[in-house]
There are 2 protein chains.
Amino acid sequence: MAIRSRSVVTIADVARACGVGTMTVSRVINGKKHVSPEMVQRVEEAIARLNYQPNEAARTLKGRTSRTIGLIVPSLSDPFFSQCAHAVQQVAAEQGYMTMLFACEANRNVEAEELSQMRSRNIAGILIVPSSENSLEQLQELRRNGMPVVMIDRTFAGIDVGEVMVENIEGALRATNHLIDHGHQRILCVGYDREYNSISQRIDGFKKAVQNASLQPQYLLVNRGVAIGPRVIAALRSPKPPTAIFTLNNVTSVAVLTALKREEIRIPQQVAIIGFDDFDLASLLAVPLTAVRQPAAELGRHATRMLIDSLRVGNGTGRMPSRIVLPTELIVRQSCGCEPISRIPHSK
Amino acid sequence: MAIRSRSVVTIADVARACGVGTMTVSRVINGKKHVSPEMVQRVEEAIARLNYQPNEAARTLKGRTSRTIGLIVPSLSDPFFSQCAHAVQQVAAEQGYMTMLFACEANRNVEAEELSQMRSRNIAGILIVPSSENSLEQLQELRRNGMPVVMIDRTFAGIDVGEVMVENIEGALRATNHLIDHGHQRILCVGYDREYNSISQRIDGFKKAVQNASLQPQYLLVNRGVAIGPRVIAALRSPKPPTAIFTLNNVTSVAVLTALKREEIRIPQQVAIIGFDDFDLASLLAVPLTAVRQPAAELGRHATRMLIDSLRVGNGTGRMPSRIVLPTELIVRQSCGCEPISRIPHSK
DNA sequence: TGCCAATGTGATATCGTTCTCAAAATCGCT
DNA sequence: AGCGATTTTGAGAACGATATCACATTGGCA
């Protein structure tokens, strides 16, 4: 025979304990004006004594918006996303917001379902690393209803959301140039097909660098789900094989490295490699990987601040004009053929 | 002049559209009995047409509990935790629960703050990888009020929460034995001091194996915040240096590997190493790391199921009797001195 | 036929908070 | 002293959903 007693202390209890009305207590809690100092003290004492905590559900119901932001990422197994999520959660917490976490596994249905959940839960705003164009319409609908939205890492055209990106073109350009500087003439760009504009931009950067050097760009772009390793090996066994590889993201780098290891192809002697997206263990690899570092945590931080700012000023229906683009950094290690030296910060 | 219109459609709107009372609509939504089939159809149509979604805040306020679980992890940068978090989120979503994510950075104040947030948000239950004993009292208080709690990876005595652990003792024993089988006589156990019982158990397993072989256990246990790399190097330069190292967790392994690399100490020739806790890139390292694999995702899955089960049956005030212990697996690679062979599954 | 049970439906109270508005008290100024 | 302006306070109505209870309507069965 369970007696449910969770969170029994209500604002009314506090009010009664002080012999005042609930409104007075409410005003004290919310730091409003028009309360006498002594009253503030008396109420605060009672709150502490009774261990009172406001019921967020009631507040949300009344105020129409919870102090909660939703974060949708494709997955947490990719350190890029988990670092980003981590930063989001931290900044949000600092600002008094909770983070509702969603990992959609790049599944459009899941993403859609999650967005719909957001609506019913009076989420204050949405941070999303969008996985597919399919949710676009739903996001637009949410925007129309005044929901602030910030896209991280990737964006889609035609929707007025906040955007926090990295300098993909410049980063890819810089990386490719580095390979060219090493004397490579046949460079293979490996990754998933132009799913997102971030990937597109990286491909564009690669192309630009290669063409600037009057070389022929080579591509190996596959669809999600296709094993990329064997394709790379095949390319390396073709008549005029690439002497260097530029991988478009984290998972691609790992896939390629794994394949190269299995086939015992030596880096950088037989093939050099630079990856877009750095990761913690890159320096401990058999051949430490030269990589374009994306400031994952920074991305998350900026996005969260942007979102919360727009929450504060506007009532949500305002536009989301902002766009932040963060620089990348080329971390030179040995997979490109360099002796390990230094970091080359990247600026325009 | 913004007109706020978010989520205007209420249950009353649906009721009006059907010319019925709100209770009828509510009954349809919640699949209760006592509604005629035609009415169900009519209401469901209206719901779809109006794109109605129930307001969770209102439901929570009335029902006293939200369909939301809280997850507290020390950090997301450790892949062990992020994999775990990922699994939690997935299982929860399948069961219709949302996941509120918290990363406490092993900061006791943050953890406390987060727990108190949980209370005010009518969280249905808590999953926690506890960071310190400090929150124990608070957790106990929550338990007393009927909040289901499941601890993951670590537990503390004297509190009746659900527990999902791995076989730490057996895993450490197995790993240490493997080193002993390689002929090592002086094995150093490296890690952070007995902060958690999971670490304690690993140390116990190590000790047991070493003593079974009539060897002297050697320890290098530091407090959090102390750089572990230099200490290891110092130990290796002592008169009778260890010939093998057993690291107690992920971050320790990485710290040690980094130090060994910097000092150009060769693995496994100069020192062999086995780590507790495997990670994705372990096989791509300069010397692929032999490690005890913990089923991080499984841990998260089991914990989530346990929590949600206890949510369903009890009204929360029941006891949380369960304890699940999952097996580990020794992944043999080359850092132990083996040629790369196979996985040795671990069973009692 | 009469009566109890089961079914379908809606009016109303309630959850805990904040908003609106009005009343009371205080102050400043002519 | 008089009067408007300001501060301090509280009563009551929301917010949107569900629980409770009451009221019809049906059906089964003696």
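In what follows, every chain begins at residue 1, and chains take the letters A, B, ... in the order their sequences are listed. Both backbone and side-chain heavy atoms feed into the values below; hydrogens, waters and symmetry mates do not.
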Among the nucleotides D:dA17, D:dG10, C:dT18, whichever has the atom closest to the side chain of B:Asn55 is D:dA17

Would you say [X]'s side chain and [Y]'s backbone share a donor-acceptor pair under 3.5 angstrom?
X: B:Arg119; Y: B:Leu142; answer: no
X: B:Arg154; Y: B:Pro130; answer: yes
X: A:Arg143; Y: A:Asp160; answer: yes

Angle between the two end axes of the helix from C:dT1-D:dA30 to C:dT30-D:dA1, five base pairs per end, rounded to 10 degrees?
40°

Can you give the donor-acceptor pairs under 3.5 Å from side chains of residues 88-99 of chain A to other protein atoms, not counting sequence neighbours?
unit_1	atom_1	unit_2	atom_2	d
A:Gln89	OE1	B:Ala103	N	3.2
A:Gln95	OE1	A:Arg312	NH2	2.4

[X] [atom1] to [N] [atom2]: how many Å, rounded?
X: B:Asn30; N: D:dA17; atom1: CG; atom2: P; result: 11 Å
X: B:Asp13; N: D:dC15; atom1: CG; atom2: C1'; result: 13 Å
X: B:Arg59; N: C:dG16; atom1: CZ; atom2: P; result: 19 Å
X: B:Leu61; N: D:dT18; atom1: CG; atom2: C1'; result: 10 Å
X: A:Arg121; N: D:dG16; atom1: CZ; atom2: C1'; result: 15 Å
X: A:His34; N: D:dG10; atom1: NE2; atom2: C1'; result: 15 Å
X: B:Ile11; N: C:dG10; atom1: CD1; atom2: P; result: 12 Å
X: B:Glu56; N: C:dC15; atom1: CD; atom2: C1'; result: 15 Å

What pairs with A:Ser26 under side chain to side chain donor-acceptor pair (under 3.5 Å), at least two apart in sequence or on another chain?
A:Asn30

Taking only residues two or more places apart in sequence or in another chain, which ones pass side chain to side chain donor-acceptor pair (under 3.5 Å) with B:Ser135?
B:Glu111

Does A:Thr155 form a side-chain hydrogen bond (donor to acceptor under 3.5 Å, both in side chains) with A:Arg323? I'd like the steps, not just the answer.
CA-CA 10 Å; A:Thr155 59; A:Arg323 176 184 168 88; 4.8 Å; no

How would you summarise protein contacts on nucleotides 20-27 of chain D per nucleotide, using B for base, S for sugar-phosphate only and - for none, with heavy-atom distances below 4.0 Å?
B-------

Side-chain contact test, heavy atoms from C-beta onward, threshold under 4.5 Å: evaluate it for A:Leu299 versus A:Phe80 and give yes or no.
yes

Within residues 35-47 of chain A: residues closer than 4.0 Å to DNA chain D (heavy atoms)
A:Val35, A:Ser36, A:Met39

Would the base of C:dT18 count as contacting A:Lys62 through its side chain, where contact means a donor and an acceptor less than 3.5 Å apart?
yes

Tell me whether the side-chain N/O atoms of B:Thr24 come closer than 4.0 Å to OP1 or OP2 in C:dT9.
no

Say whether B:Arg121 and A:Thr68, considering side chains only, have a donor N or O and an acceptor N or O under 3.5 Å apart.
yes

Just by distance, with hydrogens left out, do A:Gln53 and B:Ser116 show a side-chain donor and acceptor under 3.5 Å apart?
yes

Salt bridge present between B:Arg42 and B:Glu45 (N-O < 4.0 angstrom):
no

